[in-house]
Amino acid sequence: MSLLSTQNLSKEYVLRLIKQASELQKKDFSEKPLKDKLVATLFYEASTRTRASFEIAAKRLGAEVVNLDPSIASVQKGETLEDTARTLADLGTDLVVIRHPSSGAAYKLNEALKNTKVQVINAGDGMNEHPSQALLDLLSIMETTSSIEGKKIAIIGDSLHSRVARSNIYLLQKFGAQINLVGPPGLVARDFEALGVKVFYDLNTGIKNANYLIVLRLQKERQAAGLIPSLEEYHKFFGISYQSIENAGLNLKEIKLLHPGPVNRGIEIDSDLVDNDSVSLVHRQVYNGLYVRMSILMDLLGNNLNKI
Ligand code: CP
C-alpha cells in the first residue's frame, strides 16, 4: 500500500496511525525495526520539514536512506520519472518519498512501480495533496481537544493552489469538522463548496466562531500572477494578527493556530503569533510531523509497535 491521498483513508486506519504516532513519542528506539529497509527521498521541489522529518524518521527506525537530488541526478540528462522509479526499484528500494511540482506525479510514480515491492509516499504533488501534512495537523488538533466533531476550522489563504488545504479538507471532514475556506476570490474558488466546505471572502465572517485557524503560506508569485493586488493589501485584509483575531470576536484562549510552514512572517501571519505557544501549534506541528511520519513508515513497511 502507498500513501498518496487522504481521500481514501478510513477513519479507523487514520486513528491507528495517529495512536501509533503518539505512542512513538514515548519510545527510545534502541531497537531498529526498519533496519533491513531502504527508503529513498526524491524531492523535485524545495522542502525543509517534510524531507528532514521523513529522513530522520526512517533513520531513527533503522532504515537506510538515500536522498536523490533531482538537480544533480540523471533527470538532468532527460531521464523520465518512470525510469528513475525503475532504477530505484532495481537498487532494492522499499519505499520512495516523492515531492513534485506536478499534480498527479506521485500517482504516476506509483503506477510505474506497481509491479515492484516499492511503495510510494506523496510528500506533496503540485496543487493536489500532501497527506502526511494533514495527518500531522490532525494529530496536533487532536492533542488539544477530546473531539473534532462539530469543531469549526477556518483555512485561510491560498486554498486554490494548496495541496495542504485539499488533504486537510478530505481528512478533517471525516472527523466531523466544519470547514470554512477564507481568502480573496483569486485564491479561493466557490467550486470548493462542492466538497462540503463554506467559502468566505471576508476574514471577519470567515473566522467568526472558529476553533482552529489553519493559515496557509502565501506564495509570493501569486502577486506576480495578478491573483492578489499586493502583499501589503493581502496582509491588511487576510493577515492573521492579534488585531484580526480580536476584530472577529475570537478569544485567544479558546482558539489554536496552525501553519504548515514555511511561514512568511508578517504577510499571512504576524511573527509574534507564530511563536506564541499558548495559541500557536506551529512548533508542535513540526514535532508531531516526525512521529506521524515514523508511524506512516512503520505501517507501510509492514512493522508495528511491538517490534520496538
Ligand atoms: N509543510 C511543508 O511541506 O513544509 P516543507 O515544504 O518545508 O516540507
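When a ligand or atom number is given, it counts from 1 through the structure's own listing order.
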Contacting atoms of ligand 1, where contact means under 4.0 angstrom from a heavy atom of Q133:
1 (N), 2 (C)
Please could you name the atoms of ligand 1 that R49 approaches to less than 4.0 Å, counting only its heavy atoms?
4 (O), 5 (P), 7 (O), 8 (O)
By number and element, which atoms of ligand 1 are closer than 4.0 Å to a non-hydrogen atom of T48?
5 (P), 7 (O), 8 (O)
Applying the 4.5 Å side-chain criterion to the ILVMFWY set and letting contacts propagate, would L109 and M127 be lumped into a single cluster?
no
Is it the case that over 12 heavy atoms from other parts of the model lie below 6.0 angstrom from the NZ atom of K151?
yes
Against ligand 1, does G124 come closer than 4.0 Å with any heavy atom?
no
Is there a polar contact, in the sense of an N or O pair closer than 3.5 Å, between R99 and ligand 1?
yes
Nitrogen or oxygen of G261 less than 3.5 angstrom from that of ligand 1:
yes
Tell me, do I141 and L172 make a side-chain contact under 4.5 Å, heavy atoms counted?
yes
May I ask which of T50, V164, L136 has a heavy atom nearer to atom 8 (O) of ligand 1 than the others do?
T50
Which ligand 1 atoms, with their elements, are less than 4.0 angstrom from a heavy-atom of P260?
1 (N), 2 (C)
Could you state whether L203 and L252 fall into the same hydrophobic cluster, counting links through intermediate Ile, Leu, Val, Met, Phe, Trp or Tyr residues with side-chain heavy atoms under 4.5 angstrom apart?
yes
Distance alone, cut at 3.5 Å: any donor-acceptor contact between the side chains of E55 and T41?
no
Ring geometry between F29 and Y291 (parallel below 30°, tilted from 30 to 60°, perpendicular above 60°):
parallel
